[in-house]
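These numbers come from a predicted model, not from an experiment.
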Amino acid sequence: GQTPAQAVAECEADEEGLTAIASAEFWTVEPVSEQGDRATVAVTVVTGGEESVRELPLRRVDGVWKMDLDPTVAPPAT
């Protein structure tokens, strides 16, 4: 296992991955589950002409939903 800092550093060093994310188009966002201040949404993403659906964790902070990038916290059960 990696520490959260190691995981972030690995992602930031991945030039190909960063390029793919920068060129992605994010389309529909549908709720999957919600438990308190945590939720999961299904996002339709288009990269390189290929469409896929990704589930992303969210966390409510001061009343605003934000992507939850904390790798130490499991997403809510669906």
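- Taken from CG in L58 to NZ in K66, the straight-line distance is 12.0 Å, to the nearest 0.5 Å.
- Remark: side-chain polar atoms of R60 are paired, donor with acceptor, to backbone N or O of G36 under 3.5 angstrom.
- By the salt bridge (charged side-chain N to carboxylate O under 4.0 Å, His left out) test, R54 pairs with no residue at all, sequence neighbours left out.
- Residues V46 and V53 are members of separate hydrophobic clusters, defined by side-chain heavy-atom contacts under 4.5 angstrom among Ile, Leu, Val, Met, Phe, Trp and Tyr.
- Here the closest non-hydrogen pair linking W65 and E34 is CZ2-OE2, 3.8 Å.
- Considering CG of L56 and OG1 of T40, their distance stands at 8.5 Å, rounded to 0.5 Å.
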